[in-house]
2 protein chains.
Amino acid sequence: MSSSVVTEQVSLAVSTVVFALRPHPRTGETTLWLPLVRRIREPYEGRWALPGGPLKAHQDLAASARETLADTTGLEPAHLEQLYSFGAVDRSPADRVVSIVYWALVRPDEDARTTETPNVEWFVADEVPQLAFDHNEIVRHALDRLRAKITYSPIALAFVPDEFTLAELRGVHEAVLGRCLDPANFRRQVLAGGTVEPTGTHLTGTSHRPPALYRAAPREQEKSR
Amino acid sequence: MSSSVVTEQVSLAVSTVVFALRPHPRTGETTLWLPLVRRIREPYEGRWALPGGPLKAHQDLAASARETLADTTGLEPAHLEQLYSFGAVDRSPADRVVSIVYWALVRPDEDARTTETPNVEWFVADEVPQLAFDHNEIVRHALDRLRAKITYSPIALAFVPDEFTLAELRGVHEAVLGRCLDPANFRRQVLAGGTVEPTGTHLTGTSHRPPALYRAAPREQEKSR
DNA sequence: ACAAAAGTGTTCGACCTACACCCATGG
DNA sequence: CCATGGGTGTAGGTCGAACACTTTTGT
């Protein structure tokens with residue numbers, strides 16, 4: 001309509017990179033997956049893109065991320081965090097869109113309840129197709145951040161049920177990082193970090209020695225001194 | 001005019017926390033300063049606020065940060081990096097503003113050329129007054145990020161002239177972190193990092209042993225293997 | 001010669017890595 | 001009793017903090 005206006009409007013969107021752990025279709029190893037949404041409008045009609053939408057005036061940024069997440073996948077994230085804001089002038093043809101991008105982790109039990117719809121599909125995170133806009137770059141950023149942060153922060157707990165064994169937690173780290181970790185050293189690091197505490201119970205029914213169960217330790221942000 | 005419209009527009013601004021090093025007015029120790037702009041309109045008329053402005057449709061995010069920086073202080077940053085995006089619904093009374101915030105470092109020589117205007121004033125970073133909007137919180141975030149990042153990244157080079165002594169560079173670290181560092185250990189860490197290289201010359205005219213001069217090493221982003 | 005900063009060497013402890021070894025259970 | 005993963009112990013290497021010590025200049 002008014003394409004001759006000098007100062008065109010900048011529109012603001014919130015998108016989210018959602019990670020979940022599922023077995024790889026070929027190898028069977030648990031790996032990172034993420035949901036993508038098929039675009040039903042130009043530009044990039046038919047291409048896969050990150051779930052997201054325009055920011056509503058009454059909504060906080062994180063709330064917007066949660067909402068599109070619920071709308072597209074029906075999931076509630078166990079962890080949600082702002083990643084970066086992308087605003088290159090030419091990242092969307094014709095119009096100008098600035099995207100504030102969040103990244104999220106969902107628990108496996110939550111993951112199982114995901115809604116199946118034809119326009120939403122899950123992909124192995126390292127094997128996403130060519131996406132709309134600059135979304136491939138965004139996924140790469142999110143993967144880098146996740147892999148960096150899991151080494152110095154207890155976010156892996158967001159990938160694990162309320163009670164878990166250290167082997168499970170190690171499996172999460174191994175799946176995210178894509179390499180094996182020494183069980184003995186992993187145990188010591190985690191326990192020294194104080195982010196988990198034993199429940200006192202053990203997991204039975206395993207084929208061998210019953211492992212101890214742990215839960216997330218209550219956040220103690222007291223400064224000793 | 002149309003305040004009854006259901007979906008009000010969200011406006012998008014880019015602001016910047018600019019850091020420079022100057023001597024403290026009382027102690028004389030070099031500390032962090034930052035420029036603030038006095039608001040000449042409601043809301044928060046008369047209060048100090050971060051330099052910034054609305055994002056223009058033809059401008060990248062970082063370019064917008066650079067522009068408002070040049071307009072308000074006349075400075076060019078030696079380092080510019082996105083900090084975070086702030087979008088709480090109530091962060092601005094009446095209207096809805098999302099701010100994408102950058103942080104910047106300026107060299108001392110650049111700093112000296114700063115333009116003096118009545119509506120721009122520099123403050124000691126740890127002694128800023130009560131600011132407009134959520135800008136105190138933003139300044140705190142920026143300070144945290146700067147202090148964290150200087151320990152694992154060579155950004156301190158952005159605070160130092162082309163040729164410098166290791167004592168100068170150490171002074172930058174000490175000013176930012178607010179504590180003394182061991183000269184011997186600092187030297188080894190910096191040299192092991194490979195981010196600086198000796199010019200071969202020494203600084204003369206000091207009252208004692210002439211220190212070697214260094215410059216920033218050319219960025220070698222080659223992957224060995 | 002002396003003060004003071006530049007620069008080198010050394011020791012200590014924390015932590016990470018690798019790997020040997022014992023423990024407990026289901027088959 | 002044996003295979004297998006759970007869990008503990010330990011030796012070697014890296015790295016940073018602390019600090020003694022040598023070097024080099026101006027005064």
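- Between H202(B) atom NE2 and dT23(D) atom P the separation is 16 Å, expressed in whole Å.
- The closest side-chain heavy-atom distance from T31(A) to L21(A) is not below 4.5 Å.
- Although no hydrogens or angles enter the test, the distance criterion places no donor-acceptor pair under 3.5 Å between the side chain of R47(B) and the main chain of R38(B).
- In this entry the distance linking CG of L166(B) with C1' of dT8(C) reads 14 Å, nearest Å.
- A donor-acceptor pair shorter than 3.5 Å can be found between the side chains of E127(B) and H24(B).
- One atom, OH of Y152(A), and another, P of dC15(C), lie 19 Å apart when rounded to the nearest Å.
- Between the NE2 atom of H173(B) and the P atom of dG16(D) there is a distance of 13 Å, rounded to whole Å.
- Across all strands shown, T165(B) has no heavy atoms under 4.0 Å from either base or sugar-phosphate atoms.
- W122(A) carries R22(A) over the face of its six-membered ring, with the cationic atom under 6.0 Å from the centre and within 45° of the normal.
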_Checking T165(B) against E168(B) for the side-chain contact (heavy atoms from CB on, under 4.5 Å) test, could you report, in this order, the C-alpha distance in whole Å, the side-chain angles of both residues, the deciding distance, and whether it holds?_
CA-CA 5 Å; T165(B) 67; E168(B) 283 181 79; 3.4 Å; yes
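- Under the 4.5 Å side-chain criterion, counting only non-hydrogen atoms from C-beta, V37(A) is not in contact with W48(A).
- In this structure, L181(B) atom CG and dC19(D) atom P are separated by 15 Å, rounded to whole Å.
- Checked against a 6.0 Å centroid threshold, the rings of W103(B) and H79(B) count as neighbours.
- Sorted by residue number, the members of residues 183-191 of chain B with any non-hydrogen atom under 4.0 Å from DNA chain D read A184(B), N185(B), R188(B), Q189(B).
- The interatomic distance linking D182(B) (CG) with dC15(D) (C1') rounds to 14 Å, in whole Å.
- Using a 4.0 Å heavy-atom cutoff across all strands shown, T204(B) reaches no nucleic acid atom at all.
- Between the side chains of S99(B) and R91(B), at least one donor-acceptor pair of N or O atoms lies under 3.5 Å.
- The number of heavy-atom neighbours closer than 6.0 Å to CD of E29(B), taken from other residues, nucleotides and ligands shown, is 12 or below.
- Rounded to an integer number of Å, the gap from CG of L203(B) to P of dA4(C) is 19 Å.
- We find that CZ of R179(B) is positioned 13 Å from P of dG16(D), with the value rounded to whole Å.
- Within residues 208-215 of chain A, the residues that place at least one heavy atom under 4.0 Å from DNA chain C are, in residue-number order, H208(A), R209(A), P210(A).
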